Amino acid sequence: MGAALRSRLAEAVARACRAETGGDAPTVSLEKPRQAGHGDLATGVAMAAAKALGERPGDLARRVAARLSEDAAARGLIERVEVAGAGFINLFLAAGGLREEVARCLREGVDYGRLAPARPERILIEFVSANPTGPLTVAHGRQAAVGDSLARILAHAGHRVSTEYYLNDAGRQIRLLGLSALARYREALGREGGIPEGGYLGGYVGEIAEEIRRREGDRWLGAPADAAAAFFAEHAAGRIGEGIRRDLEEFRVRFDRWTSEREFAAGGAVEECLRELRDGGFVYEKDGAVWFGSEALGDDKDRVLVKRDGETTYFAPDIAYHRDKFRRGFDRLIDLWGPDHHGYVARMRAAVKALGREERSFTPVIVQLTTLFRGKERLRMSTRAGEFITLRQVMDEVGVDAARYFFARMRTGSHLHFDLELARRRSNDNPVYYVQYVHARVCSIFARLPEKAPGFTLPPTDGIPLDRLGEREELDLMKRIADFPTAVERSAEALEPNGICNHLEELATAFHQCYTRHTVISDDPGLTAARLALADAVRTVVRNGLGLLGVSAPARM
RNA sequence: GCGCCCGUAGCUCAGCCGGACAGAGCGACGGAUUUCUAAUCCGUUGGCCGCAGGUUCGAAUCCUGCCGGGCGCGCCA
């Protein structure tokens with residue numbers, strides 16, 4: 001496993017820098033320079049460090065560069081070091097180090113890119129958590145894709161990750177759902193319906209009512225109102241919950257645990273939590289309600305936990321739920337929320353503090369909205385009127401691969417412009433296929449091998465003459481391969497799956513360029529073996545990278 | 001009014017833990033196929049990085065203000 005090539009180089013630079021500046025350990029960031037002549041990786045540490053020492057940046061850079069060249073650890077990885085500009089240190093990677101990275105990729109296979117962080121964390125990532133009052137929408141789809149990808153990426157980055165869905169199956173919204181379904185049921189039987197104020201108008205409510213009518217006839221017409229409402233609420237929420245699970249499963253999103261708010265609250269956890277907060281002096285009573293003193297902990301104002309009518313707000317059980325998550329031993333909680341929840345961030349942070357946890361152990365991530373387009377046409381949506389595009393419809397229209405890739409491709413905080421027409425298009429303007437095509441092409445090369453080179457057998461990995469790889473396109477490709485672990489590292493740190501997409505698209509470009517210019521299977525067995533190995537390494541990275549996004553890597557397209 | 005997010009090429013977006021002349025795809029125009037899948041490749045075209053200040057040797061990147069867009073400010077969830 002070991003550290004990524006780039007991290008090892010950064011470490012070597014830091015060592016050289018420390019030796020020259022006397023003790024200080026600067027954080028070295030190695031970046032890919034825009035211009036080819038500036039090497040494969042460059043750093044400006046010397047310029048930053050020189051200032052503190054009152055030295056000329058160029059002089060320090062030259063001394064660090066000289067020491068770096070002598071560094072035995074670096075020698076195998078770097079071909080040469082140059083000092084340029086005001087004091088940039090430019091590194092030119094040695095082909096030997098890159099070939100070793102290709103060999104490592106082949107050895108590690110599905111584990112390539114897996115990291116071993118100094119301090120692995122136990123992370124719980126909660127996402128989607130949509131109320132079971134309607135089918136998952138496109139907005140939930142994006143949260144599902146981002147959350148599941150993040151879970152995979154963080155796990156690949158060496159953390160212990162669990163995923164969880166908090167099923168909000170209690171409270172006013174569920175009661176409204178039940179009353180809405182009951183109204184549709186009555187209407188279907190020719191009675192006065194009366195969807196309540198703020199009720200659910202979507203067609204699925206009528207379908208659920210119709211199902212009950214078919215199965216149970218009109219027996220609920222005469223039942224006591226409370227009993228009927230409770231039955232319809234539970235039945236409808238259950239049905240919708242099943243649909244949600246089914247859709248997520250098909251979307252390749254897996255949860256380690258589903259927590260039912262109703263069951264959770266029934267266990268007394270909410271009261272226990274309130275007691276703890278009260279004992280800590282964070283709770284007081286006013287106007288007949290119970291309040292949480294969140295303003296003193298950084299929120300805009302204090303928040304109600306228990307309403308005057310005795311019922312808890314959404315917030316109270318949610319604090320208890322987060323308390324429970326911490327108590328289950330997680331170091332870090334990540335919550336994915338929609339943009340309508342950003343006002344919720346400060347109060348939950350306050351709650352985390354009141355629970356005696358460090359602020360950094362809780363990371364809310366706001367997943368921005370998605371606006372759907374079909375070509376130029378913007379698809380309007382209104383949840384209240386029950387008019388929205390569901391995740392199911394998107395999956396059916398563009399497929400799981402394209403949907404997941406599109407959702408993961410933009411930065412999480414940016415508004416997503418999702419064009420269904422583009423996602424469905426099977427052409428080169430669709431980035432999913434651009435990346436998947438690499439995998440299919442490599443598979444095709446291997447499939448044609450017996451026919452194109454009869455009798456050729458691929459030697460074991462350590463017997464392949466990787467030193468035959470030296471063309472510019474091949475070296476570029478090797479650099480991209482070697483960069484995959486860094487992409488995993490950065491995506492995990494930033495909690496942004498789009499880093500994986502960017503990396504894969506760059507790798508794909510490098511591969512297609514190499515493929516166009518150099519034939520893999522030739523009369524030269526050594527060269528053929530080396531190029532097959534390179535192609536296989538590319539395939540490995542594509543498969544692993546797409547795997548982190550929950551996107552398939554097809555053998556044929 | 002207060003708070004959060006966004007503002008980069010005609011379009012969709014990267015880049016944003018500060019670095020060397022700002023990137024990709026699409027679009028438009030022109031090329032490449034006796035070779036392992038043309039869902040590919042090559043070239044041309046195209047940008048006061050919203051505006052104005054500040055910090056810095058150096059700012060698309062950090063800070064402040066403004067403008068524009070989205071969202072939130074319930075004893076709703």
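The model shown is predicted, which means the values in this text are computed figures rather than measured ones. The sequence lines fix the lettering, A, B, ..., with proteins before strands; numbering per chain opens at 1.
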Could one point to a donor on the side chain of H342(A) or the base of C5(B) with an acceptor on the other under 3.5 Å away?
-> no
Taking the six-membered ring for Trp and the full ring for Phe, Tyr or His, determine whether the centres of Y166(A) and Y321(A) are under 6.0 Å apart.
->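 Ring-ring flag for Y166(A)/Y321(A): true, centres closer than 6.0 Å.
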A9(B) to C26(B) separation - C1' atoms, rounded to the nearest Å |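 My reading of the C1' atoms in A9(B) and C26(B) gives 12 Å.
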Same-atom distance (P) from G18(B) to U33(B), integer angstrom =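 These two P atoms come out 47 Å apart once rounded.
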Nearest whole angstrom, please: distance from the [atom2] of [N] to the [atom1] of [X].
| X | N | atom1 | atom2 | result |
| --- | --- | --- | --- | --- |
| R262(A) | A77(B) | CZ | P | 16 Å |
| N502(A) | G25(B) | CG | P | 13 Å |
| R409(A) | U12(B) | CZ | P | 13 Å |

Measure from the side chain of H417(A), starting at C-beta and using heavy atoms only, and say which of U12(B), C75(B), C41(B) lies closest.
->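 Out of U12(B), C75(B), C41(B), the nucleotide with an atom closest to H417(A)'s side chain is U12(B).
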E506(A), E474(A), E505(A) screened by salt bridge (charged side-chain N to carboxylate O under 4.0 Å, His left out) with R480(A), the one that passes |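 That would be E506(A).
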Hey, does the side chain of [X] come within less than 4.0 Å of [N]'s phosphate (OP1/OP2), counting only N and O?
| X | N | result |
| --- | --- | --- |
| R411(A) | G15(B) | yes |
| R441(A) | A39(B) | no |
| Y434(A) | C41(B) | yes |
| Q513(A) | C42(B) | yes |
| K301(A) | C2(B) | no |
| Y437(A) | A39(B) | yes |

Give the stems involving RNA chain B, where a stem is 3 or more consecutive Watson-Crick or G-U wobble pairs (i with j, i+1 with j-1, and so on) under 3.5 Å.
->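 Ordered by first number, the stems with RNA chain B (at least 3 consecutive pairs each) read B:1-7 with B:67-73, B:10-13 with B:23-26, B:27-32 with B:40-45, B:50-54 with B:62-66.
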Among side-chain atoms of H341(A) and D335(A), is any donor-acceptor pair under 3.5 angstrom?
->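 H341(A) vs D335(A): no donor-acceptor pair found between side chains.
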Looking only at side chains, do R490(A) and H503(A) share a donor and an acceptor under 3.5 Å apart?
-> no
Would you call R517(A) and E473(A) a salt bridge, taking side-chain N to carboxylate O under 4.0 Å as the test?
-> yes
Mapping A84(A) and C514(A) onto RNA chain B by nearest heavy atom, which one lands closer to the 5' end?
->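 Nearer the 5' end of the strand: A84(A).
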How are the rings of Y165(A) and W258(A) set relative to one another: parallel (under 30°), tilted (30 to 60°) or perpendicular (over 60°)?
-> parallel
Taking ring-ring contact (aromatic ring centres under 6.0 Å, His included) as the test, write out the residues that go with F418(A), two or more places apart.
-> F406(A), F407(A)
Under 4.0 angstrom, heavy atoms only, what part of the nucleic acid is R517(A) near: base, sugar-phosphate, or nothing?
->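 It contacts sugar-phosphate atoms only.
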Which part of the nucleic acid does R556(A) contact within heavy-atom distance under 4.0 Å: base, sugar-phosphate only, or nothing?
->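 If one applies the 4.0 Å heavy-atom cut-off, R556(A) turns out to touch a base.
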